Amino acid sequence: MSARVVTGLYVPGDRPDRFDKAVATGADLVILDLEDAVAPGAKGVALDAVVSWLRARVAPAGAHDGPRPLVQVRVNPGADDELAALRATGAAIELRVPKVDGVAELDRIAALTGGRPITALIESARGVENAAAIAAHPAVTRLALGESDLASELGSRDDAVIDYARVRLLFAARAAGLPAPMLSAYPDIRDLDGLRADTERGRRLGWVGRTAVHPSQLAVIEAVFAPTADELAWAAAVVEAVERGGVATLDSGEMVDPAMLGRARSILGRP
Ligand SMILES: CC(C)(COP(=O)(O)OP(=O)(O)OC[C@H]1O[C@@H](n2cnc3c(N)ncnc32)[C@H](O)[C@@H]1OP(=O)(O)O)[C@@H](O)C(=O)NCCC(=O)NCCSC(=O)C[C@H](O)C(=O)O
Ligand SMILES: [Mg+2]
């Protein structure tokens, strides 16, 4: 996946009236949720709704440009019937697999997905400890962190606990050549200041993007990850100076060299 993916929006699978609305928000990623957003008694209705919508609205796998936004379906753990039904749609979706804590289950799931990319949602202490192996699995194209489930298991949502998990997943993802993960959903939809502060903390740790649970959160996420004018100017100066001659000194006095090119190019959105 090379296109920019910074904002994601979850929508419950049993709310088909909101699927097109989710797309219309302009989020880079729309996640149709069959797992925790759907009550146990509504799982079948949700799967039918998701399958119908995918058939009607999402291009087949292998179509030239793939769908925009990117569409993921979050399945239930162990729900092979869901994987089979989603595969049968032929739609160019990705799978978001929750509660991944090891690679054995990924081998089984990967065999059922028809080669569709998997985002492994890690939300347990065991999953965090196994993050490097999970990231290295050939079917996994992204890691994600489920902070609410993790906090439930650990009995703490303290910043130190969350940051530890965020750092572990960032290293695991990057060591496996995966993109930096997107931050977990921020559950308090009225607290946009809290969302901003927590997203800024995640950005400082190297995470890129965030999933939202309400459309009102998307603008905050987009703003936090938009490069500032200073960052853009710095990045342009680094690229120009280094491409001109290896080591250089910016007007600010900062020495720059090829080691800084990766960060500069990523700020500029260049490969
Ligand atoms: C959180 C919500 C239940 C709030 O719903 P509601 O109170 O009905 O919202 P509003 O009245 O404010 O809606 C205003 C308009 O916005 C549209 N809307 C709202 N939410 C969405 C959405 N998610 N996608 C698309 N459109 C949405 C409404 O239709 C209204 O439109 P209009 O009538 O035209 O004005 C609800 O937002 C919601 O269900 N959110 C998603 C919840 C979810 O999926 N949760 C699971 C993912 S997070 C998770 O699982 C955590 C993780 O695993 C972990 O462990 O950390
Ligand atoms: Mg969860």
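Because the structure is a prediction, the values reported are computed rather than measured. For reference, positions follow the sequence shown, starting with 1. In listed order, ligands and their atoms are each counted from 1.
- For the pair Glu35 and ligand 1, no heavy-atom separation below 4.0 Å is found.
- A donor-acceptor pair is defined here as one N or O able to donate and one able to accept, closer than 3.5 Å; such a pair exists between the side chain of Arg116 and the backbone of Ala91.
- For the residue pair Ser148/Arg157, the side-chain donor-acceptor check at 3.5 Å is satisfied.
- Every N/O-N/O distance between Asp36 and ligand 1 stays at or above 3.5 Å.
- Within the listing of ligand 1, atoms 43 (C), 44 (O), 45 (N), 46 (C) sit less than 4.0 angstrom from a heavy atom of Ala37.
- In this structure, atom 2 (C) of ligand 1 has no protein heavy-atom contact shorter than 4.0 Å.
- Considering only heavy atoms from C-beta on, Met260 comes within 4.5 Å of Glu254 through its side chain.
- Regarding atom 31 (O) of ligand 1, its nearest protein heavy-atom neighbour is Lys21 NZ, 3.3 Å.
- Residue Ser184 touches ligand 1 through its side chain alone, judged by heavy-atom distances below 4.0 Å.
- The Mg ion (ligand 2) has an N, O or S atom of Asp149 closer than 2.8 Å.
- Two residues are said to be in side-chain contact when any heavy atoms from C-beta on lie closer than 4.5 Å; Asp36 and Asp149 meet this criterion.
- Counting heavy atoms closer than 4.0 Å to ligand 1, residue Leu9 contributes side-chain atoms (C-beta onward) but none from N, CA, C or O.
- The Mg ion (ligand 2) has Glu123 among its coordinating residues (N/O/S atom, backbone or side chain, under 2.8 Å).
- Atom 22 (C) of ligand 1 has as its closest protein heavy atom Tyr10 O, 3.8 Å.
- Heavy atoms from both the backbone and the side chain of Val213 come within less than 4.0 Å of ligand 1.
- At least one protein heavy atom sits closer than 4.0 Å to atom 41 (C) of ligand 1.
- In terms of heavy-atom proximity, Arg96 sits nearest to Ala144 at NH2-CB, 3.5 Å.
- When all heavy atoms of Leu145 and Ala165 are compared, the pair lying nearest together is CD2-CB, 4.0 Å.
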Do Arg204 and Arg201 pass the side-chain contact (heavy atoms from CB on, under 4.5 Å) test, and can you show the C-alpha distance, the side-chain angles, and the key distance before you say yes or no?
CA-CA 5 Å; Arg204 284 196 296 276; Arg201 204 176 87 242; 3.7 Å; yes

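- The protein atom (non-hydrogen) at minimum distance from atom 19 (C) of ligand 1 is Arg18 NH1, 3.5 Å.
- The Asp33 neighbourhood of ligand 1 comprises atoms 46 (C), with distances under 4.0 Å to a heavy atom of that residue.
- Put simply, atom 7 (O) of ligand 1 has no protein non-hydrogen atoms near it, under 4.0 Å away.
- Distance check, rounded to the nearest 0.5 Å: CG of Asp198 to CZ of Arg203 gives 14.5 Å.
- Here Glu123 has side-chain heavy atoms under 4.0 Å from ligand 1, and that is the only part of it that gets that close.
- The side-chain heavy atoms of Arg210 and Val220, taken from C-beta on, include no pair separated by under 4.5 Å.
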Apply salt bridge (Lys or Arg N to Asp or Glu O under 4.0 Å) to the pair Arg265 and Glu243, showing each step before the final yes or no.
CA-CA 12 Å; Arg265 286 194 176 126; Glu243 285 180 351; 3.2 Å; yes

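- Considering only heavy atoms from C-beta on, Leu54 comes within 4.5 Å of Leu32 through its side chain.
- A heavy-atom distance below 4.5 Å is not found between the side chains of Thr25 and Thr7.
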Report the C-alpha distance between Glu105 and Arg126 in whole Å, list the side-chain angles of each, state the deciding distance to 0.1 Å, and finish with yes or no for salt bridge (Lys or Arg N to Asp or Glu O under 4.0 Å).
CA-CA 14 Å; Glu105 63 205 287; Arg126 188 160 177 261; 5.7 Å; no

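- Two residues are said to be in side-chain contact when any heavy atoms from C-beta on lie closer than 4.5 Å; Leu205 and Leu170 fail this criterion.
- At a distance under 4.0 Å, a protein heavy atom can be found next to atom 36 (C) of ligand 1.
- Atom numbering of ligand 1 starts at 1 in the shown order; those under 4.0 Å from a heavy atom of Ser148 are 54 (C), 55 (O), 56 (O).
- Under the 4.0 Å distance rule, the nearest protein heavy atom to atom 55 (O) of ligand 1 falls inside the cut-off.
- The atoms of ligand 1 that sit less than 4.0 Å from any heavy atom of Pro12 are 39 (O), 41 (C).
- Regarding atom 14 (C) of ligand 1, its nearest protein heavy-atom neighbour is His214 NE2, 3.9 Å.
- With a 4.0 Å cut-off on non-hydrogen atoms, Arg74 touches ligand 1 through its side chain and not its backbone.
- Of all the heavy atoms of Pro215, the ones lying under 4.0 Å from any atom of ligand 1 belong exclusively to the side chain.
- Note that atom 11 (O) of ligand 1 has no protein non-hydrogen atoms nearby, at separations under 4.0 angstrom.
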